[in-house]
Amino acid sequence: MASHLLPTYARVDLAFERGEGAWLTSTTGEKYLDFTCGVAVNALGHAHPHLVQALTEQAHKLWHVSNLYKIPEGERLADRLCEATFADTVFFQNSGAEAMECAIKMARKYQSAVGKPERFRIITFDGAFHGRTMAALAATGNKKYLDGFGPPVEGFDQVAFGDLDAVKKAIGPQTAAILIEPVQGEGGVRPAPTQFLRALRQLCDQHGLLLIFDEVQTGFGRTGDLFAYQHTGVTPDIMPIAKALGGGFPVGACLATAEASKGMTAGTHGSTFGGNPLAMAVGNAVLDVMLKPGFLDHVRKISTLLRQRLAEIKDRYSDIVADVRGEGLLIGLKAAVPSSELVDALRAEKMITVAAGDNVVRLLPPLIINEHDALEAVKMIERACVALSRSHAKKAAS
Ligand SMILES: *Cc1c(COP(=O)(O)O)cnc(C)c1O
């Protein structure tokens with residue numbers, strides 16, 4: 001039967017019924033190792049007992065009240081996010097793209113509030129991904145995604161990723177901010193060099209611009225720190241986050257300093273659902289787990305283990321894997337064959353992964369994955385490489 005869902009996704013013919021930790025069970029009863037995590041969302045794996053408890057307890061109490069009233073769980077989550085980061089203030093949303101919209105509006109409003117209303121343009125980078133709403137899409141700048149949707153939102157100037165001279169040249173009298181992902185996720189797991197991020201910070205300070213780090217994908221322990229900016233020594237002014245914030249419950253947020261957010265006064269922005277009690281209860285529960293001593297050490301330990309084993313695989317199967325890169329448990333395998341072939345071969349081994357730009361396969365295991373399952377993943381990757389290597393050799397011979 002044809003699907004009544006809008007066909008904007010080329011979906012794999014595979015559905016899941018339940019999950020536990022790093023494992024998913026399909027509707028046909030097969031087990032898959034989840035190295036996608038709903039694209040960096042289920043950072044605590046599936047059915048984490050603490051999250052299940054927080055959600056069900058809140059579900060029995062109160063789901064939604066709107067932002068017309070105080071939401072104590074949201075006040076608490078904002079306090080804790082500010083305590084854990086550079087930020088002084090938080091606006092909750094329902095998705096990454098919305099958090100991004102808030103960041104864009106905030107940067108423009110800041111310049112207006114400090115008497116520079118002519119400054120509305122934002123410098124962005126090739127290979128970026130910031131979401132699918134109209135402004136986030138313009139910031140993304142990917143022609144494939146913009147095509148046919150009319151004139152893109154004005155005010156985004158895209159330059160080459162890592163090209164400081166290009167950034168300097170792009171700064172003009174209308175520039176308001178610079179927007180970058182500390183590690184490009186969709187763009188192919190490309191970490192921005194720390195030196196480059198430092199130089200962007202200096203340029204922003206020098207020119208009165210705001211620095212926005214899109215940590216929608218890199219946030220919440222994915223790179224081995226709670227947020228990726230924390231190991232760069234560079235602090236942004238505004239930081240949209242989302243994906244793992246709710247561990248699978250849809251929630252996003254825009255974090256900012258008091259200075260950067262000073263234009264966002266009562267009535268300037270809003271959201272019906274943003275920060276509702278269900279989302280806030282789960283967000284707090286995610287933080288309970290991630291802020292426990294040793295949580296991030298575990299992420300780093302598994303990352304080191306995986307990276308070592310993947311480097312060996314790359315050496316042995318250089319005809320399949322050309323490079324291993326990334327940070328923490330945001331790992332990219334640059335494929336030497338079309339990346340979709342590697343994703344398919346991994347799925348045949350019962351491991352699910354997701355392709356990214358630059359012919360990269362992203363490995364996004366849950367951060368709670370244990371050593372045993374990480375080594376199981378390495379075996380699956382090795383078997384997929386063997387299978388692909390054989391089929392390519394056969395093709396070459398015939
Ligand atoms: C996924 C993502 C977004 C968009 O988030 P949605 O929740 O899909 O709107 C924005 N920025 C980055 C870096 C992302 O990875």
Side-chain angles (χ1 to χ4, degrees), residues 12 14-52 185 189 217-218 220-225 243-244 247-248 285-286 288-290 292-314 316-317 320-321 324-333 342-356 360-388:
V12 175
L14 176 62
F16 299 104
E17 195 167 76
R18 55 178 62 243
E20 195 183 344
W23 295 86
L24 283 165
T25 306
S26 74
T27 47
T28 53
E30 289 169 308
K31 285 195 129 196
Y32 285 80
L33 185 56
D34 188 359
F35 263 50
T36 299
C37 279
V39 196
V41 168
N42 308 95
L44 301 182
H46 299 278
H48 191 288
H50 187 60
L51 304 198
V52 172
V189 190
Q217 186 155 163
T218 51
F220 287 88
R222 181 53 59 188
T223 64
D225 283 272
K243 291 198 162 90
V286 168
D288 290 342
V289 178
M290 290 200 180
K292 277 218 180 93
F295 181 85
L296 295 169
D297 295 331
H298 174 79
V299 176
R300 292 187 204 119
K301 192 178 98 189
I302 298 289
S303 168
T304 305
L305 173 74
L306 269 177
R307 299 280 295 266
Q308 276 167 355
R309 296 304 172 91
L310 291 171
E312 290 164 20
I313 287 183
K314 184 199 104 180
R316 258 178 285 146
Y317 303 96
I320 308 297
V321 176
V324 182
R325 62 201 195 197
E327 268 169 31
L329 290 177
L330 172 51
I331 301 174
L333 298 181
L342 185 50
V343 169
D344 291 347
L346 288 166
R347 199 170 55 250
E349 299 299 333
K350 300 288 181 283
M351 174 179 181
I352 58 168
T353 58
V354 57
V360 162
V361 174
R362 255 178 303 175
L363 304 180
L364 295 162
L367 307 183
I368 48 95
I369 191 168
N370 60 32
E371 211 165 289
H372 175 271
D373 288 346
L375 292 173
E376 190 60 38
V378 172
K379 285 186 208 154
M380 290 168 163
I381 294 166
E382 172 140 27
R383 285 200 296 267
C385 286
V386 171
L388 271 180

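Using a 4.5 Å cut-off on side-chain heavy atoms (C-beta onward), Tyr317 and Val386 make contact. Side-chain atoms of Lys314 and Leu333, non-hydrogen and from C-beta on, never get closer than 4.5 Å to each other. The side-chain heavy atoms of Phe295 and Ile368, taken from C-beta on, include a pair separated by under 4.5 Å. Side chains of Ile352 and Leu33 form no contact here, defined as non-hydrogen atoms less than 4.5 Å apart. With a 4.5 Å cut-off on side-chain heavy atoms, Val41 and Leu364 do not count as touching. At least one side-chain heavy atom of Met351 sits under 4.5 Å from a side-chain heavy atom of Thr353. A heavy-atom distance below 4.5 Å is not found between the side chains of Ile331 and Arg362. Taking the side chain as every heavy atom from C-beta outward, Pro366 and Asn42 never approach each other to under 4.5 Å.
Residues Glu382 and Arg309 are not paired through a salt bridge, judged by the lack of any N-O separation under 4.0 Å between the basic side chain and the carboxylate. A salt bridge does not link Arg222 with Glu327: every distance from a Lys NZ or Arg NE/NH1/NH2 to an Asp or Glu carboxylate oxygen is 4.0 Å or more.
Taken from CE in Met290 to NE2 in His298, the straight-line distance is 11.5 Å, to the nearest 0.5 Å. Expressed to the nearest 0.5 Å, how far CZ of Arg307 lies from CG of Leu363 amounts to 10.5 Å. In this structure, NE2 on His46 lies 9.5 Å from OG1 on Thr25, to the nearest 0.5 angstrom. Between atom CH2 of residue Trp23 and atom NZ of residue Lys350 there is a gap of 11.0 Å, rounded to the nearest 0.5 Å. For the atom pair CE (Met380) and CG (Asp373), the distance works out to 8.5 Å, reported to the nearest 0.5 Å. Rounding to the nearest 0.5 angstrom, the gap separating the NZ atom in Lys301 from the CG atom in Leu306 is 12.0 Å.
Atom CZ of Arg316 is surrounded by more than 12 heavy atoms from other residues, nucleotides or ligands within 6.0 Å. Residue Glu20 qualifies as open at atom CD: its count of foreign heavy atoms under 6.0 Å is 12 or below.
Closest approach of Ala374 and Ile302 over heavy atoms only: CB-CG2, 4.1 Å. Summarising the geometry of Arg300 relative to Asp225, their closest heavy-atom pair is NH2-OD1, 3.7 Å, with the distance given to 0.1 Å.
Take Thr28 and apply the side chain to side chain donor-acceptor pair (under 3.5 Å) test, not counting sequence neighbours, and it matches Ser26, Glu30. Taking the side chain to side chain donor-acceptor pair (under 3.5 Å) definition, one finds that Thr218 meets it with Glu215, sequence neighbours left out.
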Take Tyr32 and Arg347 through the side chain to side chain contact (heavy atoms under 4.5 Å, CB included) test and state the conclusion after the steps. CA-CA 8 Å; Tyr32 285 80; Arg347 199 170 55 250; 3.9 Å; yes
Evaluate the side chain to side chain contact (heavy atoms under 4.5 Å, CB included) criterion for residues Val354 and Val361: first the C-alpha distance (whole Å), next the side-chain angles of each, then the deciding distance (0.1 Å), finally the verdict. CA-CA 6 Å; Val354 57; Val361 174; over 6 Å; no
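In this structure, the side chain of Ser303 does not engage the main chain of Val299 through any donor-acceptor pair within 3.5 Å.
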